[in-house]
Amino acid sequence: VQLQASGGGLVQAGGSLRLSCAASGRTFSGYTMNWFRQAPGKEREFVASIWWASGMTHYADSMKGRFTISRDNAKNTVHLQMTSLKPEDTAVYYCAAAANNGGGSVGGMDYWGKGTLVTVSS
C-alpha cells in the first residue's frame, strides 16, 4: 500500500494550494481518507476526512470554509484544496487511510504516506 502526497510548496498568506494523495496497492473504496498536519514543535492534528464510498466529508473546525477535501475515483486520488491560507497553516501535511473511519485520530489510521511541506509566508 502506498499513499503518495504531493502539491506542497511556498505560498503567500491569503493564497491557495491543492494537495493530492495518490493511493495504490489495494482497494480503498471502504476506507476513510484523511489529511493530517504537523507544525514544527507541535503534535500531528486532524485536518479533514472523506469516506471514499459516499463522499461524506468531515473537517476540523479551524479548517471549515477554507479547506475542501475531495476524491477522484478514476485516479484513486484524494485532494485537499486549501484557500485563504495563513502562516499558522504552515506544516507538513500527511495523507492517511483508515479502514474503520478512524475517528480523525492519529492512532486510528491504518496507512500513512510521507508528508508534503506547506509553507505560508506572511
Side-chain angles (χ1 to χ4, degrees):
V1 173
Q2 187 172 20
L3 301 176
Q4 182 67 50
S6 62
L10 175 64
V11 63
Q12 288 189 331
S16 300
L17 274 177
R18 189 175 84 151
L19 306 183
S20 297
C21 173
S24 61
R26 67 161 300 128
T27 300
F28 287 93
S29 58
Y31 277 64
T32 299
M33 305 301 292
N34 300 260
W35 286 98
F36 287 78
R37 70 184 186 184
Q38 188 166 17
K42 295 188 177 182
E43 294 186 350
R44 194 168 297 188
E45 63 173 346
F46 171 77
V47 173
S49 65
I50 185 166
W51 186 16
W52 204 301
S54 69
M56 185 180 299
T57 59
H58 181 64
Y59 297 90
D61 287 342
S62 60
M63 285 68 162
K64 286 181 181 177
R66 298 192 301 124
F67 292 7
T68 303
I69 189 170
S70 62
R71 77 212 191 288
D72 183 334
N73 290 337
K75 296 183 178 180
N76 235 30
T77 300
V78 175
H79 300 289
L80 183 69
Q81 179 69 47
M82 306 185 294
T83 63
S84 302
L85 284 163
K86 307 173 184 179
E88 51 264 42
D89 293 318
T90 294
V92 177
Y93 284 71
Y94 296 90
C95 178
N100 296 302
N101 182 265
S105 67
V106 172
M109 300 298 113
D110 295 288
Y111 302 105
W112 289 91
K114 294 182 180 179
T116 185
L117 176 63
V118 172
T119 304
V120 184
S121 63
S122 57

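Note that these values count all heavy atoms, side chains included, but never hydrogens, waters or copies made by symmetry. Sequential numbering from 1 along the given sequence is applied to the chain's residues.
To the nearest 0.5 Å, atom CG of residue Asn101 and atom CE of residue Met109 are 7.5 Å apart. Considering SG of Cys95 and CD1 of Ile69, their distance stands at 8.0 Å, rounded to 0.5 Å. Distance check: Ser122 OG to Gln12 CD gives 9.5 Å after rounding to the nearest 0.5 Å. With rounding to the nearest 0.5 Å, the separation of CG in Leu19 from CD in Gln81 is 8.5 Å.
Counting heavy atoms from C-beta on, the side chains of Tyr59 and Arg66 never come closer than 4.5 Å. Side chains of Val118 and Met82 form a contact here, defined as non-hydrogen atoms less than 4.5 Å apart.
The same ILVMFWY cluster, assembled from side-chain heavy atoms under 4.5 Å apart, contains both Tyr111 and Ile50. Leu17 and Trp35 fall within the same hydrophobic cluster, where Ile, Leu, Val, Met, Phe, Trp and Tyr residues are linked whenever their side-chain heavy atoms come under 4.5 Å apart, directly or through other members. By the rule that hydrophobic residues join a cluster once side-chain heavy atoms approach within less than 4.5 Å of another member, Val11 and Phe67 end up as members of one cluster. Under the 4.5 Å side-chain heavy-atom criterion for Ile, Leu, Val, Met, Phe, Trp and Tyr, Leu85 and Leu10 are members of distinct hydrophobic clusters.
Nearest heavy-atom pair across Met33 and Phe28 is SD-CD2, 4.0 Å. Nearest heavy atoms, Leu80 versus Ala48: CD1-CB, 4.3 Å. Closest heavy-atom contact between Thr116 and Ala5: CG2-CB, 4.2 Å. The two residues Cys21 and Leu3 come nearest to each other via the heavy atoms SG-CB, 4.0 Å. In terms of heavy atoms, Lys42 sits closest to Gln38 at O-NE2, 3.1 Å.
Not one N or O on the side chain of Asp72 forms a donor-acceptor pair closer than 3.5 Å with the backbone of Thr77. In this structure, Thr90 contributes its side chain and Val120 its backbone to a donor-acceptor pair below 3.5 Å.
For residues 15-31, every residue pair satisfying the side-chain hydrogen bond (donor to acceptor under 3.5 Å, both in side chains) rule, not counting sequence neighbours, is listed here: Ser20-His79, Arg26-Tyr31. Every pair passing side-chain hydrogen bond (donor to acceptor under 3.5 Å, both in side chains) that includes a residue from residues 45-54 is listed here, sequence neighbours excluded: Arg37-Glu45, Trp52-Asn73.
Ring pair Phe36/Trp112 is tilted by interplanar angle, where 30° to 60° counts as tilted.
Residues satisfying the salt bridge (charged side-chain N to carboxylate O under 4.0 Å, His left out) test with Lys64, not counting sequence neighbours, are Asp61.
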